[in-house]
Q: 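Can you keep this structure in mind? I'll have questions shortly.
Here is how names work: the chains are called A, B, and so on, in the same order as the sequence lines, proteins then strands, and each is numbered from 1. Everything numeric here is computed off the predicted structure, so don't read it as measured data.
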There are 2 protein chains.
Amino acid sequence: MADNARHPESRYGNRPTMKDVAARAGVGLKTVSRVVNGEPGVTPDTERRVQEAIEALGFRRNDSARVLRKGRTASIGLVLEDLADPFYGPLSRAVEEVAREHGALLINGSSAEDADREQELVLAFCARRVDGLIVIPAGSDHRYLEPEIKAGVATVFVDRPAGRIDADVVLSDSFGGARAGVAHLIAHGHRRIGFIGDQPRIHTATERLRGYHAAMADADLPVDEAWVSLGSTSPERVRVAAESMLAGPDGVTALFAGNNRVTVTAVRVLAGRERPVALVGFDDIELADLLGITVISQDAAALGRTAAELLFRRLDGADGTPARVELPTALIQRGSGEVPPPAGG
Amino acid sequence: MADNARHPESRYGNRPTMKDVAARAGVGLKTVSRVVNGEPGVTPDTERRVQEAIEALGFRRNDSARVLRKGRTASIGLVLEDLADPFYGPLSRAVEEVAREHGALLINGSSAEDADREQELVLAFCARRVDGLIVIPAGSDHRYLEPEIKAGVATVFVDRPAGRIDADVVLSDSFGGARAGVAHLIAHGHRRIGFIGDQPRIHTATERLRGYHAAMADADLPVDEAWVSLGSTSPERVRVAAESMLAGPDGVTALFAGNNRVTVTAVRVLAGRERPVALVGFDDIELADLLGITVISQDAAALGRTAAELLFRRLDGADGTPARVELPTALIQRGSGEVPPPAGG
DNA sequence: CCTGCATGTGACAACGTTGTCCAGGGCCTA
DNA sequence: TAGGCCCTGGACAACGTTGTCACATGCAGG
């Protein structure tokens, strides 16, 4: 009765341990360990007896205890903004695939674009002693990670650079992509182009805005401040922003959407209008081909894969100054970006 | 030098432990533990000294060791088919959200629809001593989980029932949903309706097929075996299947797509045809409203939330026979399902 | 027959934390 | 002022595993 609850607070029904296996097999504890870990120096006969005991008891090695001894957990943490965002699915999957190749498990968390929650997650991962971290930053100050990094937790930032610390980062070329997208609209005759982006504290949002301004400047086009809108990507806000830019005779004739969520809402808004408006969006979208949406495409899976590979190189001992990798984007023409401005525009 | 590598195999740069903190603060080990865990019985002055030492050393509690002592890991494992599939993003996010409410972390893994890989992941999670498991089954035999469940690992299956063991499961009403979708097509005048689904070993695939047959039988319509195709959901296969069903004067006038991936390919195939073909798909898809795709929608987030809540009820001690929860689906009319058959059809 | 060596095996400490238990000191009451 | 209690703090064992080391045994060679 009493020994039926070695862990009063636990609901584990007393899982067998190596000690139990050893007792049943009539061997020493260490011999069981050797068998379980495939270490040499065990006679076939002993090994068989141990295997039988393992089988009979349903023993499974406790990796928590193992970790405590060995120091490595063979797991990495991934903090992203929202697992439900279609952009992060492929990224997450790519990270998982690389982790799997290295025999590591993936612990996931969504920050919901909240800096405190990001920190909370990251530190929880560190308490679990993950070997490494891949972080899509929500906050803009990552000095809280300094002791962790100093203690040996490899860390790679993705999609946006870390704030106030020097660390590895893998990015898409937001500036160049946006510049190319806006230049594409200009090349098709547009002179009044609107930009709707994410909140300005997000690095990619400002980079893309910078690309917009660069393209306009390249073509010597003025930018009316009413054509630019940064803020939440909620459908309501984006809708209001788009409609206000499009209103009136001097409204914009083309829109550049700063990310996938903005694009989706923009498509909905434009679908309800009579006069066609040109649209280029940052990020590709499923079924965009059928809807004829021209986009600047970034390869989310490549971002994840690159970051994870960099992380494991660090874990395998690669030293050196923090790397900054920038992946190219691609303009995919599907029609919406090739709509000319109206005759009088 | 020597003590700079207490763990020869570890890359942790000797993280400080409670012992180190205790030494620096000039208190006992247990006192540090009390402060870290917010236990009572520490004077404000002592607490301050300890906090300062923690701060100065960058100490962070090692949860691996904690877990070993306490028996609970405050983490749950989620095995699904593919994180990159848009259906699983919201599901995964919902699970994460519930886990967060219960102070647990989420460990993720994709089985890639492979039974061996599912088992490998599940057992790896068990070795980590996750408190609970949420599994979207890839395999059809889960007896390998019996010792784990007996040892107290709470387990909930989602989207498909477990194979050969009796366990909690949360499902969508695949049968009813498909039946309603096909009945909808019949109500709009179709008599020759094609069904393209996933591989027959997948429970939802056969359930949806069953729904298709039921709806046809309800209307006393014959089913030509050439109208039914189960198999891989790769675009190539689905395209071939769809084109062959649609070919000829006696080809089908409507298609029912068995899941989101099939629907996407079907839309692409149908977009290339002159004569309109009606389409209803299982699972909603982003932008389906703009494309006018009629779907049977299942609430992936609700599946995840329901499963996670059930899991935590089990962890909180809820006993009783395994539950089977079935969530309803909804028909969303958007146009593609309301296309009538051609005059002669 | 003893030495030397290889091989298989087990005893033991350690990993970092928490639960149990006990000691010392201050305070209250009789 | 003695006796009891509460409050704070620390010593110690235990969690389940692995690394180190030492002990048996067996066999070959001197």
Side-chain angles (χ1 to χ4, degrees), chain A residues 2-3 5-12 14-23 25-50 54 57 59-74 126-129 151, chain B residues 2-3 5-23 25-50 53-54 57 59-74 126-129 151:
Chain A
D3 80 73
R6 292 197 299 227
H7 274 158
E9 302 196 7
S10 153
R11 289 198 67 256
Y12 290 141
N14 286 353
R15 297 197 70 123
T17 70
M18 287 191 177
K19 201 165 137 190
D20 302 323
V21 174
V27 302
L29 182 54
K30 180 67 208 199
T31 299
V32 177
S33 172
R34 275 192 268 261
V35 171
V36 169
N37 294 296
E39 288 169 25
V42 181
T43 50
D45 181 58
T46 310
E47 171 157 6
R48 190 186 41 71
R49 287 215 316 285
V50 172
I54 288 176
L57 295 173
F59 167 81
R60 182 148 347 265
R61 181 180 65 198
N62 184 333
D63 275 356
S64 289
R66 174 169 223 247
V67 154
L68 183 57
R69 233 0 274 254
K70 305 203 72 140
R72 277 250 198 162
T73 58
C126 289
R128 294 299 167 101
R129 296 294 188 266
Chain B
D3 79 74
R6 293 197 298 225
H7 274 159
E9 301 196 8
S10 152
R11 290 199 66 257
Y12 290 144
N14 284 354
R15 298 197 70 124
T17 70
M18 286 191 177
K19 202 165 136 190
D20 301 324
V21 174
V27 302
L29 183 54
K30 180 65 207 199
T31 299
V32 177
S33 173
R34 274 193 268 261
V35 171
V36 169
N37 294 294
E39 287 170 24
V42 182
T43 50
D45 182 59
T46 309
E47 171 158 6
R48 190 185 42 71
R49 287 217 314 286
V50 171
I54 289 176
L57 295 173
F59 167 80
R60 183 147 349 263
R61 180 180 67 199
N62 184 333
D63 276 356
S64 289
R66 175 169 223 248
V67 155
L68 183 58
R69 235 357 275 254
K70 305 204 71 138
R72 277 251 198 160
T73 58
C126 290
R128 294 300 167 100
R129 296 292 188 268

Q: Among the candidates dT18(D), dG10(C), dT18(C), find the nucleotide nearest to the side-chain atoms of N37(B).
A: dT18(C)

Q: Is the shortest side-chain N/O distance from T46(B) to OP1 or OP2 of dT8(D) below 4.0 Å?
A: no

Q: Considering only dG19(C), dG16(C), dG9(D), which nucleotide approaches the side chain of L68(A) most closely?
A: dG16(C)

Q: Among the nucleotides dG16(D), dG19(D), dG10(D), which one has an atom lying closest to any side-chain atom of A65(A)?
A: dG16(D)

Q: What is the distance, rounded to the nearest whole Å, between atom CD1 of I54(A) and atom C1' of dG16(D)?
A: 14 Å

Q: Distance check needed: dG16(C) P versus R60(B) CZ, whole Å only.
A: 16 Å

Q: CG of L68(A) to OG1 of T73(A): how many Å apart, nearest 0.5 Å?
A: 12.0 Å

Q: Would you sort out whether V67(A) and R128(A) count as a side chain to side chain contact (heavy atoms under 4.5 Å, CB included), showing the intermediate values?
A: CA-CA 10 Å; V67(A) 154; R128(A) 294 299 167 101; over 6 Å; no

Q: Give the nucleotide from the list dG16(C), dT17(D), dG9(D) with an atom nearest to the side chain of F59(A).
A: dT17(D)

Q: Just how far, in rounded Å, is P of dT18(D) from CE of M18(A)?
A: 4 Å

Q: Atom CZ of R72(A) and atom P of dT17(D): how far apart are they, to the nearest Å?
A: 21 Å

Q: What I want to check is whether an N or O donor and acceptor connect the side chain of R34(A) with the base of dG19(D) at under 3.5 Å.
A: no

Q: Any N or O donor-acceptor pair linking the side chain of K19(A) to the base of dG16(D) at under 3.5 Å?
A: no

Q: Can you find a side chain N or O atom of T31(B) that sits less than 4.0 Å from OP1 or OP2 on dG10(D)?
A: yes

Q: Grab the two heavy atoms, one from R129(B) and one from R15(A), that are nearest each other, plus how far apart they are.
A: NE-CD, 3.4 Å

Q: Specify the separation, in whole Å, of atom CZ of R61(B) and atom P of dT17(C).
A: 9 Å

Q: To the nearest Å, how far apart are R129(B) CZ and dC15(D) C1'?
A: 12 Å

Q: Would you indicate which nucleotide in dG16(C), dG19(D), dG16(D) comes nearest to any side-chain atom of N62(A)?
A: dG16(D)

Q: Got a second to check how far S33(A)'s OG is from R66(A)'s CZ, nearest 0.5 Å?
A: 8.0 Å

Q: For the base of dT17(D), is there a side-chain donor-acceptor partner from R69(A) under 3.5 Å away?
A: no

Q: Please work out if D63(B) contacts a base, only the sugar-phosphate, or nothing of the nucleic acid, heavy-atom cut-off 4.0 Å.
A: nothing

Q: Working note: D45(B) + R49(B), criterion side chain to side chain contact (heavy atoms under 4.5 Å, CB included); need CA distance, chi angles, decisive distance, verdict.
A: CA-CA 6 Å; D45(B) 182 59; R49(B) 287 217 314 286; 3.4 Å; yes

Q: Have a look at V36(A) and say if it touches a base, only the backbone sugar-phosphate, or nothing, with a 4.0 Å heavy-atom cut-off.
A: nothing

Q: If I take atom CD in residue E39(A) and atom P in nucleotide dT7(C), what distance separates them, rounded to the nearest angstrom?
A: 16 Å

Q: For E39(A), does its backbone N or O pair with a side-chain atom of N37(A) as donor and acceptor, under 3.5 Å?
A: no

Q: What nucleic acid atoms does S64(B) come within less than 4.0 Å of, heavy atoms only: base, sugar-phosphate, or nothing?
A: nothing

Q: Determine: side-chain N/O of T43(A) to OP1/OP2 of dG8(C), distance under 4.0 Å, yes or no.
A: no

Q: Once you round it to whole Å, what is the distance between P of dA11(D) and NZ of K30(B)?
A: 13 Å

